[in-house]
Structure formats: C-alpha cells, structure tokens
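Worksheet for the structure shown next.
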Amino acid sequence: MKEMDLMVLLAVFQEMLGAWLWILIGLAVAGTAALVLLLLRERTVVSRRLVQSELLGLLGGVVALVVMAKVSSSGFTDAGGPADWFLIASVYGLGLVSTTVLAYTVLGWAKRSGQAS
C-alpha cells in the first residue's frame, strides 16, 4: 500500500471494532456538538473543570490502549518499528483528548442542569 486511502482505513477499523466503530463515531460527533454548545453558552473555559477533565483524560488514554490491545491480534511486545510506536502513541493521544473533551462536556452540562435558572 503506497497511498493512504480513507476507505481502507474505514474497512480496517470496521473489521477490528465491528458495530463499536459506529457507536464511537456517533459519540464523537455528539460530544463535539455538545462541547461547542456548552462553550457558546458559557462563553468561557472553566479552568477547574478543565484540569479535572485532563486528569480523567490520562485514564482515558490508558483505556484506549487496553481496547487497542484487545481488538488487535498483536500486543505491545510485538511493536518493532517507529510506525508501531507512532500508532501506539496516537491511540493513547486520541483516547486522552477524546476523554478530556467528553469529560469536560459532561461535567459542564451536569453543572448547568444542577443550577437553578
């Protein structure tokens, strides 16, 4: 494979994750929309909530690595070249960022719904 093809990546992820792929994509779209709405509504980033979300994001990165090890046929000891380690770092980073965004969003909307209007 000399060129990166989006459809090949989609097929690989569909094979690895099955129906979970579409659940994760839907969660990402809904979470991003909810974050944008929250930021538009609050007009600021709450630093305390962001720090809490970042701490949860560290755990989310680890969970992403565990999920990757479960759905793939190889483990971390099979990583040999730089491309393997780049993929592992990318999975951790994606899990970290996704968990941070979703945690910030959930904490923000939970706080807003708990306030009296």
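Excluded from the calculations below are hydrogen atoms, water molecules and symmetry mates; all remaining heavy atoms, backbone and side chain alike, are included.
At a threshold of 4.5 Å between side-chain heavy atoms, the hydrophobic network of Ile, Leu, Val, Met, Phe, Trp and Tyr places Leu55 and Val45 in one connected group. Hydrophobic clustering (ILVMFWY, side-chain heavy atoms < 4.5 Å, transitive): Leu27 and Leu21 are in distinct clusters. Both Val97 and Leu38 are part of a single hydrophobic cluster, where members link through side-chain heavy atoms under 4.5 Å apart. The hydrophobic cluster containing Val63 also contains Ile23, counting ILVMFWY residues as joined when their side-chain heavy atoms lie under 4.5 angstrom apart, directly or transitively. Leu10 and Leu24 fall within the same hydrophobic cluster, where Ile, Leu, Val, Met, Phe, Trp and Tyr residues are linked whenever their side-chain heavy atoms come under 4.5 Å apart, directly or through other members.
For the pair Tyr92 and Leu87, the minimum side-chain heavy-atom distance is 4.5 Å or more. Counting only heavy atoms from C-beta outward, the side chains of Arg41 and Trp109 approach each other to under 4.5 Å. Counting heavy atoms from C-beta on, the side chains of Tyr104 and Val46 come closer than 4.5 Å.
The number of heavy-atom neighbours closer than 6.0 Å to CG of Leu6, taken from other residues, nucleotides and ligands shown, is 12 or below.
Closest heavy-atom contact between Val101 and Leu35: CG1-CD2, 3.6 Å. Nearest approach of Trp22 to Gly18, heavy atoms of both residues: CD1-O, 4.2 Å. Closest heavy-atom contact between Ser53 and Ala103: OG-C, 3.5 Å.
The distance from the CG atom of Leu56 to the CG atom of Leu107 is 7.0 Å, given to the nearest 0.5 Å. Atom CG of Leu39 sits about 9.0 Å away from atom OG1 of Thr44, to the nearest 0.5 Å. Here CD1 of Ile88 is found 4.5 Å from CE of Met68. Values are rounded to the nearest 0.5 Å. Here the OG1-CG distance, from Thr32 to Leu102, works out to 7.5 Å after rounding to the nearest 0.5 Å.
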**OP:** Show your reasoning for whether side chain to side chain contact (heavy atoms under 4.5 Å, CB included) applies to Phe13 and Val71.
**Re:** CA-CA 10 Å; Phe13 286 130; Val71 299; over 6 Å; no
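Salt-bridge check for Arg49 with Glu42: passed, with a basic side-chain N closer than 4.0 Å to an acidic carboxylate O.
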